[in-house]
Amino acid sequence: MHKLAQLDHRFVWHPFTQMRDWLQSEPIVIVEGEGAVLRDVNGKEYLDANSSIWTNLHGHNHPRINAAITRQLRKIAHSSALGFANEPASLLAERLVRLSNPRADGSKVGSWESGRVKGMSTPAFSLSHLPTFNAASSKAELTKVFYSDDGSTALEVALKLAHEFTRRTRGGKARPKFLSLEGAYHGDTVGAVSLGHIDLFHKAYGGLLFKSDKVMSPYCYRCPFNRARPDREDARKYRKCQWECVGLVEKTFRRQRRKGNPYAAFVFEPLMQGAAGMIAQPSGWLGQVTSLARAYDALLVADEVMTGFGRTGVTCHVDDAAVARVTRQPETAKLFACSRVGVQPDLLCAAKGLTGGYLPMAATLTTQEIFDAFLGRYDEFKTFFHGHSYTANQLGAAAALASLEILRRRESVRARAVLQQTLAGELKQLWSLPQVGDVRQVGVMAGIELVRDWRTREAFALRERAGIRVCEALARRGVLTRPIGNVIVLMPPFCTTPVQVRKMISALVDSVKETFR
Ligand SMILES: *Cc1c(COP(=O)(O)O)cnc(C)c1O
């Protein structure tokens with residue numbers, strides 16, 4: 001075993017890892033990376049098929065980000081945001097505010113939400129008794145940026161701001177209550193875990209958490225309201241339902257209002273829930289539930305830690321014409337999932353891809369209204385009492401500025417469009433495998449759900465480690481990703497070429513065949 005692998009075995013405790021299993025085999029020690037390729041200590045190359053746990057955007061060792069960090073390093077690496085402003089953090093805040101208010105930057109909202117699903121009947125409920133409210137026309141413009149270090153801390157900040165804002169503006173004694181989605185994952189710090197609803201991760205810490213409510217999320221493939229028989233297509237497309245899931249959201253909000261303490265905030269991952277198992281939302285769902293949340297006076301907290309910075313692709317459907325269109329007008333490619341569907345949140349959390357996957361940094365964006373609720377005389381102590389030592393880190397902010405600049409470039413927008421299109425084409429092969437039950441693609445992300453038999457949707461028991469075994473077979477073929485239970489995640493960096501995508505998918509086909517032979 002390599003010396004570095006030995007040291008790892010002796011001294012390192014890995015996250016979300018059964019260390020008894022870990023210690024059974026020699027770990028892959030990554031020492032270099034370039035573009036979509038990672039290289040280990042023995043010189044073996046791998047495709048980084050999950051962008052180093054969803055962080056990397058433009059590939060490893062990107063010359064522009066490297067240069068930006070080096071330039072910043074010659075000036076200063078870090079100074080405290082407690083008491084001082086700094087250059088890259090100020091510039092970055094302005095950029096983030098501009099990018100997160102797509103109407104303010106002059107571009108049109110996408111038409112994702114307007115598409116009606118063929119064969120769908122009208123909803124089983126009516127919103128007509130509610131004040132008409134369109135989330136897109138909300139006055140909630142994001143104007144302020146609070147920096148922190150990780151997705152979890154970005155959520156802690158949003159949570160505390162929403163809690164305090166609600167207490168201050170609603171008065172009364174009732175404790176502000178939060179609603180999030182079934183299967184929600186918002187990070188691992190105690191507040192973020194309290195908003196989460198993945199029993200496997202969250203149950204053990206029950207005694208540490210505050211209680212938040214959950215509501216059904218639209219998992220079409222396993223939805224009890226979906227009356228369609230399994231088919232060889234993304235379940236969102238062939239489902240037969242009456243939007244009962246939206247009806248349940250409405251009922252949940254109504255029930256809470258009747259208790260005299262309407263939800264303070266609705267917390268959601270827009271368009272796709274990641275750690276829940278790459279659960280993609282059907283077109284129209286997000287617009288409907290965020291309109292409901294607004295009508296019931298809840299703040300919208302968008303967790304864009306995974307979906308932010310172009311991960312949701314360039315347009316809803318990509319064909320050659322769409323690729324040509326966004327390449328001509330790169331400024332129309334939306335960087336946040338919410339912007340894609342015209343939803344304007346009150347709090348937006350960004351992290352993973354913020355620095356292009358280079359350094360840990362996060363941002364919680366919020367509105368003037370929330371900011372103003374924390375203004376007052378010094379001795380009124382309305383201050384937001386929260387902060388981290390590395391808040392507004394200069395190296396991180398410099399990397400983030402460079403990353404945002406790359407994202408806006410014509411070549412990057414084109415690369416994302418081509419990657420989205422290539423993935424859509426190549427993923428089709430997977431339908432020939434009986435162990436593939438559902439393939440869910442949103443932009444340049446995809447989840448492939450493995451089942452014992454597609455005709456019955458019967459799931460593999462977790463102890464069979466189906467996802468892990470497929471990913472081990474993938475690693476032997478030079479493709480690295482990490483499963484979520486029985487779901488294989490593909491989320492390659494934007495620089496991944498069509499040839500590399502084809503290699504990834506054919507390795508996946510071979511790995512599934514080998515594993516279930
Ligand atoms: C990863 C993730 C988080 C947590 O971010 P960390 O940087 O790991 O703390 C929160 N929300 C979502 C949607 C995520 O994917």
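Positions are given from 1, in the same order as the sequence printed here. Numbering of ligands and ligand atoms starts at 1, following listing order.
Under a 4.0 Å N-O distance rule, the pair R95/E405 does not qualify as a salt bridge. Between R167 and E164 a salt bridge is recorded (basic side-chain N to carboxylate O distance below 4.0 Å).
In this model, no donor atom of one side chain and acceptor atom of the other lie less than 3.5 Å apart for N486 and E449.
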Quick check for students: name every N or O atom pair between ligand 1 and the protein closer than 3.5 Å, with distances.
{"from": "ligand 1", "atom 1": "5 (O)", "to": "G151", "atom 2": "N", "distance (Å)": "3.4"}
{"from": "ligand 1", "atom 1": "7 (O)", "to": "G151", "atom 2": "N", "distance (Å)": "2.8"}
{"from": "ligand 1", "atom 1": "9 (O)", "to": "G151", "atom 2": "N", "distance (Å)": "3.4"}
{"from": "ligand 1", "atom 1": "9 (O)", "to": "S152", "atom 2": "N", "distance (Å)": "2.9"}
{"from": "ligand 1", "atom 1": "9 (O)", "to": "S152", "atom 2": "OG", "distance (Å)": "2.5"}
{"from": "ligand 1", "atom 1": "11 (N)", "to": "D303", "atom 2": "OD1", "distance (Å)": "3.3"}
{"from": "ligand 1", "atom 1": "11 (N)", "to": "D303", "atom 2": "OD2", "distance (Å)": "2.7"}
{"from": "ligand 1", "atom 1": "15 (O)", "to": "K352", "atom 2": "NZ", "distance (Å)": "2.6"}

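Within the 4.5 Å cutoff, no side-chain heavy atoms of T252 are placed close to those of Y296.
By the 30° and 60° cut-offs, the orientation of the rings of Y219 relative to Y221 is tilted. The aromatic rings of H58 and F494 stand perpendicular to each other, their planes meeting at an angle above 60°, with 30° marking the opposite boundary.
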